[in-house]
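Working notes, structure below.
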Protein chains: 2
Amino acid sequence: MKNKEIQEERMRGYFIDATKELLKGEGLKSISVRNIADRAGYSYATLYNYFKDIKDLVFECVKDFQDECTDYIQSETAQSSRGIAKIEAITETYLKYFVQYPGIFELFFLECLFDLSEKQTTVEMINSFLDRLCSNEWNYCIQENLITIEESETKKSALQITTAGLLLFYLNRRHPDSYMEFLTLARKQVRRILM
Amino acid sequence: MKNKEIQEERMRGYFIDATKELLKGEGLKSISVRNIADRAGYSYATLYNYFKDIKDLVFECVKDFQDECTDYIQSETAQSSRGIAKIEAITETYLKYFVQYPGIFELFFLECLFDLSEKQTTVEMINSFLDRLCSNEWNYCIQENLITIEESETKKSALQITTAGLLLFYLNRRHPDSYMEFLTLARKQVRRILM
DNA sequence: TAATATAATTAACAATGTTAATTTTACCAA
DNA sequence: TTGGTAAAATTAACATTGTTAATTATATTA
């Protein structure tokens, strides 16, 4: 019964793709069972044959978005010189990605998801995302004795917290009120951490 | 027609009190027109005689919570020595307040509110809250030449962003997974900013 | 006390997530 | 090719949201 699995996975893909399009376009507020099913070309109840509930479906998108974001960052920071400079570039591109897709920021950081503790792996994936993006460069800095392990842990943590805070204020509270100001502020705060 | 105004303000108070109780107790998820009206002792439609919509009502609570939080912080940090040490104490107490009432954190930072731009004053109140709590101490530090104005602005901003980020991860993503770890992390990051 | 204005309530609507009942489709043996 | 059965998809239905309209109850005033 291999066909069965292929078809089932394909169906899941249709709903996941529809959800991703909506999230990237209209954001979380446009996500509804009927909206997703419409876009996927099926009735709303069909969705429940492939996903436990709508949260289950929405969080299936996390990995795909992380992969996309990772690719984007790698292409944008390919020629940065290794070490702290590259961490700075990665962080800035990371911020730009979420500014481009506020709906993905909402999904990653705002959407509440501890109803089911089975989502723990997804939560972990989100929490460690920036660390994973930078891990090569942190290891490089440590090997080159540019930083101690303990310092690197503190700075990793500061970057994670600061990027989330920056995006929260900019995307959710319109502060600062222009993209240029946001970028200036972000660069200043990121440099303050990494220097 | 002064009685009219008194009565109207009293009615608004009933609904606001009910909303505040729900927010402090069950959090934002428990907020609904019918839930609030039940607790206030009126029918759900009566609410619309006193508030444009439910968001209008919910954001009426912001000022009250800020006042409460301000009192709490003042009583908890009264005997801290002035300057950076007091800013540190204020920030820690500020974090503790929101940990105690996650629903208030949701209201202040997570709830989306730029449908109507008339809420701009509320947004400003939220964005500048921590700055206002610390403004006396920052001014003290500047007057005593302990810090430059520019440094103080950068650090204010860092505190604002970092506290929101810390709370976002702890309250919304269970990271770190214990209160003690959260406090340790928060203290370390706040000190890193203020040192 | 009767007429009118005001306030409060119930009814109703549209949109949400979810489950049950029903219809349609796919498959396989005769 | 045709029936019968299993699977999948759809419609119906329900409970819960926010909000508005229609209706009832209450106050005020002449």
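Here the structure is a predicted model, which is why all the values come from computation and not from measurement. Chain letters run A, B, ... following the sequence lines, proteins first and then strands; every chain starts at 1.
Between A:Phe182 and A:Tyr170, the ring planes are parallel. Angles under 30° get that label, and only those over 60° would be called perpendicular. Ring geometry for B:Phe108 against B:Phe129 counts as perpendicular: the plane angle is over 60°, on a 0 to 90° scale with 30° as the lower cut.
Counting non-hydrogen atoms under 4.0 angstrom, B:Tyr42 reaches the backbone sugars and phosphates but no base. No contact: A:Phe51 has no heavy atom under 4.0 Å from any strand. Residue contacts for B:Ile36: at a heavy-atom cut-off of 4.0 Å it reaches no nucleic acid atom on any strand shown. In this structure, A:Ile31 reaches the sugar-phosphate backbone alone: every heavy-atom distance under 4.0 Å involves primed, P, OP1 or OP2 atoms, never a base. Counting any heavy atom pair closer than 4.0 Å across all strands shown, B:Ser32 reaches sugar-phosphate atoms only and no base atom.
Axis angle, first five pairs versus last five pairs of the helix from C:dT1-D:dA30 to C:dA30-D:dT1: 30°, rounded to 10°.
Listed pair B:Tyr44 / D:dT17 fails the phosphate criterion, with no side-chain N or O lying under 4.0 Å from OP1 or OP2. Here B:Tyr48 does not reach the OP1 or OP2 of C:dA7: none of its side-chain N or O atoms lies under 4.0 Å away.
Judged by distance alone, with hydrogens and angles left aside, the side-chain atoms of B:Glu137 form no donor-acceptor pair with the main-chain N or O of B:Ile84 at under 3.5 Å.
Contacts between residues 9-28 of chain B and DNA chain D, defined by a heavy-atom separation under 4.0 Å, are absent.
The residue among A:Asn35 and A:Ala45 whose nearest nucleotide of DNA chain C lies closer to the 5′ end is A:Asn35.
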